[in-house]
Structures are given as C-alpha cells and as structure tokens.
Amino acid sequence: MHASLSSSLDVSTLPQEHPLFDLNAVLESAGAGATITKYDMSDVIFWQGDPASEVMYIQRGMIKKSITSRAGKEGIVAVLKPGEFFGEECLAGKPDRTATASAMLASTVLAIDKRQMLDMLHRHDALADRFLSHALARLIRNEQDVLDLLFNSSEKRLARALLLLARDGKAIQRQRVAPNVSQETLAEMVGTTRSRVNRFMNKFKKLGFIDYHGVGGLTINSALLSVIHQDD
C-alpha cells in the first residue's frame, strides 16, 4: 500500500549536487505540479503501458524498472537509488510508460508533472545541468549494461551488479554495504538462473568478497572488482 502526502565497470554514481544547490527544494517548489508519495516494499509506482505524464525523483529507498515481453517473460532493466530520476521519457514525447517501476525497499518518490518539469528546466540552470548530467550518466550506464550482457560471463555480470548496488555516490571504499536483494532479483538483473547466482554468491563469500548480514543487507568488498578484471 502507499499513501500520497501532497564492459568496463563504472561504479561511480550520478554526479553529486552542487553544495549551494538544493535539488529537493527546487523540485518541491513545483507546488501543485508536484506530489510526494511513500511506497512500501513491492508497491507498484506505475505499470508498463500506463500513460506517461510525470517525471519521478527518488528521495529515499530503491526502485526497480522491469519490462514484460508479450510472452510474459519479465526482466529487470534498471535498479535506481536516491538522487536518481526515472520516468523522464515522457519529456521526449513518449505517451506511455516503457517499463514497470516498483519499490524494492520502502521508498519516497517525488513526482512532477511533465509540463511543470519542462518549465522548471527552462527557469533553473542548475536543475537543467543536474538533469543533463543524470541523462548522460544513464546513457553511459545503459551502454555498459549492453556490453556487459554481450561479452561478460554471468559471474562477471553478477559481480558488477553487486558493486553497482553498493555504490553511494562517493569514491569506492574497501567495503560497502548493499541493500538486501533476493537471489531471484539478482538473477533477473544478471540474466541467469537463481541456482547459478547462488553458486557464485557462495564462491564470493568463500573468497571474502562478500559477507551476509541477514535482513541488514550484505557487505561488498572492493576486491570483488578482481572478478570483473580477470581473464575468461
């Protein structure tokens, strides 16, 4: 349930906000054109094929975007974290949602009417710069995802997915805590089976690359990068 309140690896996040630029404050200033909604885990924010009329901004939590084929097969195409936009394709004239967006954790999402968003992008240079940086970073990540799928083994793809889940917008540290994501979800993200994900996760744990913490998530050691850089 939710309630409305008004193949190289790049593990860096989207560009950080300028210290004098409060992105949340600017977005929330949209007034009647903006709403903030809290979602519980597994809540659907919008469905593939729904009318596309708003741009979304993640204030808290984690959102996944998935696409369902005509044959009913589902695949996860993106996992998004606080500070990221989604649903921005409506600004390019897309009339319908190209994917389903749902909350992987309890999340808070700010939604802005597309007309209001376009007006704000014209009026706020800092917002336009931030949004452009987001769009370019998303494009680069999508290209890396395609290369990863075409040329890397499922083990390397899993290692990359874990490192991306653990990023928080700063330079990579020796260890980073990632959200607790199910092996089924990881399998969908990587494009392999749950049994193979389980085997690789056990291998990574044995090698000291990851460590489990129950419902608190798991710790990712930056040494996991060695899996990506190893020769097949």
Side-chain angles (χ1 to χ4, degrees), residues 2-6 10-39 43-68 76-147 164-165 167-171:
H2 63 268
S4 178
L5 304 184
S6 157
D10 179 6
V11 294
S12 63
T13 189
L14 301 175
Q16 296 299 290
E17 299 170 24
H18 189 282
L20 299 179
F21 175 56
D22 188 338
L23 179 58
N24 272 300
V26 172
L27 294 175
E28 291 179 13
S29 71
T35 58
I36 299 174
T37 305
K38 291 186 176 180
Y39 296 91
D43 279 351
V44 173
I45 300 165
F46 55 72
W47 294 95
Q48 180 179 338
D50 281 352
S53 59
E54 295 174 314
V55 177
M56 311 290 186
Y57 178 76
I58 305 171
Q59 295 184 321
R60 183 177 68 91
M62 187 164 65
I63 305 298
K64 73 173 181 179
K65 292 180 66 179
S66 59
I67 293 178
T68 303
I76 296 175
V77 295
V79 173
L80 309 173
K81 302 176 78 173
E84 296 193 66
F85 293 93
F86 64 103
E88 67 272 27
E89 66 273 5
C90 68
L91 298 180
K94 289 282 187 180
D96 303 319
R97 297 297 187 189
T98 57
T100 296
S102 55
M104 297 180 70
L105 304 172
S107 302
T108 303
V109 175
L110 188 153
I112 306 171
D113 177 79
K114 63 181 181 181
R115 294 182 182 84
Q116 184 78 1
M117 185 67 180
L118 286 169
D119 179 66
M120 293 177 68
L121 288 171
H122 284 105
R123 290 189 292 107
H124 296 276
D125 290 342
L127 174 61
D129 289 344
R130 178 75 171 83
F131 192 80
L132 178 60
S133 294
H134 154 82
L136 291 174
R138 177 71 57 79
L139 177 62
I140 292 169
R141 191 195 309 173
N142 288 344
E143 290 180 344
Q144 291 174 334
D145 287 345
V146 172
L147 292 173
L164 288 172
L165 282 172
R167 83 197 198 288
D168 67 359
K170 302 175 183 176

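Being a predicted model, the structure only gives us computed values, none of them experimental.
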#### Entry: Validation row: L164, V79 side chains within 4.5 angstrom (heavy atoms)
no
### Euclidean distance, L110 CG relative to E28 CD, rounded to 0.5 Å
5.5 Å
### Query
Quick one: does L27's side chain get under 4.5 Å of M117's, heavy atoms only?
yes
### Task
Answer yes or no: is there a side-chain heavy-atom contact under 4.5 Å between H124 and R130?
no
### Stepwise side chain to side chain contact (heavy atoms under 4.5 Å, CB included) check, L132 with L136
CA-CA 6 Å; L132 178 60; L136 291 174; 4.2 Å; yes
### Task
Check whether any side-chain heavy atom of F85 sits under 4.5 Å from a side-chain heavy atom of V55, and report yes or no.
yes
#### Entry: Contact summary for T98 and I67, nearest pair of heavy atoms
O-CG1, 3.7 Å
### Message
Would you say that more than 12 heavy atoms from the other residues, nucleotides or ligands in this model lie under 6.0 Å from the CZ of R115, or not?
### Response
no
### Task
Say whether, by atom type as modelled, one donor and one acceptor occur between the side chain of K38 and the main chain of A106 under 3.5 angstrom.
no
### Query
Looking only at heavy atoms, which two atoms of M120 and V26 are closest? And how far apart?
CE-O, 2.8 Å
### Query
Looking at OG of S102 and CG of D43, how far apart are the two atoms once the value is rounded to the nearest 0.5 Å?
9.0 Å
### Query
Just how far is it from atom CD of E89 to atom CG of D96, taken to the nearest 0.5 Å?
10.0 Å
#### Entry: Result of checking T37, T108, N24 against Q59 for side chain to side chain donor-acceptor pair (under 3.5 Å)
N24
### Task
Please step through side chain to side chain contact (heavy atoms under 4.5 Å, CB included) for the pair Y57 and I112, ending with a clear verdict.
CA-CA 8 Å; Y57 178 76; I112 306 171; 5.8 Å; no
### Message
Give me the atom names and distance for the closest heavy-atom approach of S107 to G61.
### Response
OG-CA, 3.4 Å
#### Entry: Separation of L121 CG from Q116 CD (nearest 0.5 Å)
10.5 Å
### Query
Short question: side chain of R138, backbone of E84 - any donor-acceptor pair under 3.5 Å?
no
### Query
Which heavy-atom pair separates C90 from E54 by the least distance, and what is that distance?
SG-O, 3.6 Å
### Message
Quick check: do I63 and Y39 have side-chain heavy atoms less than 4.5 Å from each other?
### Response
no
### Message
If I take atom CG from residue L80 and atom NZ from residue K64, how far apart are they, to the nearest 0.5 angstrom?
### Response
12.0 Å
#### Entry: Nearest-0.5 Å distance, CE of residue M104 to CD1 of residue I76
5.5 Å
### Query
Looking only at heavy atoms, what is the nearest atom pair of A99 and F46, with distance?
O-CE1, 3.3 Å
## Note on the structure
Heavy-atom nearest pair, R97 first then G87, reads NH1-O, 3.1 Å
